[in-house]
Amino acid sequence: MDDIRVAICDDSALMRNLIGRIIDENDGLTIAGKAVNGQDLLDHITEFKPDVILLDIEMPVMGGIKFLEERKARHIDVPVIILSSVATEGASVTMQCLSLGASDFITKPGGSVTLKISDVSEQVIECVAAYGGAYAIMHHKNVHEPDYFHNQIKYRAAEKFVQQKKIEQGVQNISIKKEEVKSSFWQQPAKPKEKQIITPVRESGRIEVIVLGISTGGPNALREMFKDLSPDLKQPILVVQHMPAGFTAEFARSLNSICPLQVSEAVDGEPIFGGHIYIAPGSHHIYIEKRAIGNVIRLSDAPQRNGHRPSADVLFESAAKVYQNRALGIIMTGMGKDGAAQLAEMRKEGAWTLGQDEKSSIVYGMPRVAWEMGAVQKQVALADMAREVNTLAAEHYMH
């Protein structure tokens with residue numbers, strides 16, 4: 001198997017070291033090289049041959065923004081993940097990075113307190129595995145699936161749990177060995193399951209609302225999809241994009257600048273208007289509440305579901321309940337299974353459903369689980385998703 005090659009670009013020697021350790025402890029990843037600023041990275045990129053870049057924003061000589069501009073000008077297609085404390089302070093700077101072609105972003109915890117970088121190690125690994133893996137496969141490398149890296153994370157969590165129990169109970173004979181768990185989850189790729197069949201309780205009807213769940217790979221996927229939506233689309237669209245609190249308002253603004261429909265961050269209690277896109281705030285679940293004079297958006301700070309808040313399952317669950325067969329549910333690229341179970345419930349109620357296909361998904365996790373559960377009527381490539389939505393929405397609009 002080939003390793004996914006990771007380039008680290010940060011002006012702090014300590015940070016380069018700490019990020020390097022995170023990469024080094026994962027089988028299947030290797031450090032392609034380290035750079036002290038954007039110019040240093042450009043000078044060595046052909047030598048490094050990275051599959052993915054972890055990039056700081058604020059650096060001397062050439063910062064992250066300038067590097068992204070140069071990357072675009074030089075037609076360098078290696079995916080870039082922003083890893084910066086600036087991301088915490090300035091959501092607009094982060095969105096500028098996404099508009100310049102960065103694939104995703106991770107915020108350094110505690111601002112400049114770099115020693116806390118281990119708090120986001122799982123996020124770093126999952127992003128590197130997803131974007132770097134997709135790029136490596138596109139360049140005919142034989143690399144591990146994202147699940148392989150996710151399972152290593154689970155193994156380390158199990159190891160930490162056992163160590164904690166040892167300390168708490170003063171027990172010395174509890175042990176966990178990689179060899180013991182390899183056969184169960186550490187190295188086993190997820191086996192494709194046979195697709196289940198769902199027989200809806202009623203035929204699909206008019207489409208009065210569109211609900212969408214998306215995660216890893218989502219920022220750029222939504223940019224690509226939303227720019228091609230029809231300005232004549234009449235239905236409201238409610239979106240759950242897994243994103244930290246404090247970023248979704250700016251993300252909605254950045255989408256609004258390229259989308260022919262109005263895009264905004266959802267507000268609790270606001271009425272749902274057609275031809276408007278509502279993005280769930282990064283810290284709250286979003287769901288639809290039925291009202292006699294018109295349905296409204298509700299936000300909730302209830303516990304995470306499937307490890308997320310907002311959760312696509314919460315949104316889809318409310319769409320199934322309120323709209324039954326008069327909705328369109330869409331599940332797109334993302335790690336895990338959020339949204340799959342409740343998209344299946346929507347389908348049982350007779351709703352229309354779409355899922356992003358494997359080839360165009362950065363991570364074929366959420367869409368794959370939904371497909372296997374029988375929740376997805378049709379799989380669609382990202383490049384065709386807007387056209388598919390425009391057609392369905394126009395053909396089944398409530399006059």
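Just the heavy atoms: all of them, side chains too, but no hydrogens, waters or symmetry mates, feed the values below. As the structure is a computational prediction, the values presented were derived from the model and not from experiment.
- Salt bridge status for R206 with E208: present, with a side-chain N to carboxylate O gap under 4.0 Å.
- A salt bridge links K108 with D56: at least one charged nitrogen is closer than 4.0 Å to a carboxylate oxygen.
- Remark: L212 CG to L343 CG distance equals 10.0 Å, nearest 0.5 Å.
- In this structure, V6 and L54 have side chains that are in contact, with non-hydrogen atoms separated by less than 4.5 Å.
- The neighbour count for K141 NZ, taken as heavy atoms of other residues, nucleotides or ligands under 6.0 Å away, is above 12.
- Around atom NZ of K34, more than 12 heavy atoms belonging to other residues, nucleotides or ligands sit under 6.0 Å away.
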| said: Show, in sequence, the C-alpha distance, side-chain angles and deciding distance for E265 and T248, and conclude whether the side chain to side chain donor-acceptor pair (under 3.5 Å) test is met. | reply: CA-CA 6 Å; E265 185 182 54; T248 37; 2.7 Å; yes

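- For E395 and T391, the side-chain atoms include no donor-acceptor pair closer than 3.5 Å.
- A side-chain contact (heavy atoms from CB on, under 4.5 Å) with V389 holds for exactly one of L233, D228, V380, I207; it is L233.
- Ion pairing of E388 with K378 is present here, as a side-chain N (NZ or NE/NH1/NH2) and a carboxylate O approach within less than 4.0 Å.
- Taken to the nearest 0.5 Å, the CD1 atom of I45 stands 11.0 Å off from the CG atom of D40.
- Salt-bridge annotation for E69 and K72: absent, with no side-chain N of the basic residue lying under 4.0 Å from a carboxylate O of the acidic one.
- Distance CD/E126 to CD1/I153: 4.5 Å, rounded to 0.5 Å.
- For an aromatic pair to be called close, the ring centres must be under 6.0 Å apart, and Y278 with H276 satisfies this.
- Atoms CZ and CD, on R298 and E289 in that order, are 5.0 Å from each other to the nearest 0.5 Å.
- Ion pairing between a basic and an acidic side chain is recognised when a charged N comes within 4.0 Å of a carboxylate O; E358 and R368 show no such pairing.
- No hydrogens or angles considered: a donor-acceptor pair under 3.5 Å links the side chains of Q379 and Y364.
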| message | I'd like to know whether V143 forms a side-chain contact (heavy atoms from CB on, under 4.5 Å) with Y148, so could you lay out the CA-CA distance, the side-chain angles of the two residues, the decisive distance to 0.1 Å, and finally the verdict. | response | CA-CA 10 Å; V143 297; Y148 178 78; over 6 Å; no

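- Ion pairing between D384 and R387 holds under the 4.0 Å rule for side-chain N and carboxylate O.
- A salt bridge links R74 and E70; the closest N-O separation between the charged side-chain nitrogens and carboxylate oxygens is under 4.0 Å.
- Judged purely by distance below 3.5 Å, without hydrogens or angles, the side chains of D43 and Q39 pair a donor atom with an acceptor atom.
- Residues passing the ring pair (Phe, Tyr, Trp, His ring centres under 6.0 Å) test with H242 are H308, sequence neighbours excluded.
- No donor-acceptor contact under 3.5 angstrom links the side chains of N325 and S204, judged on distance only.
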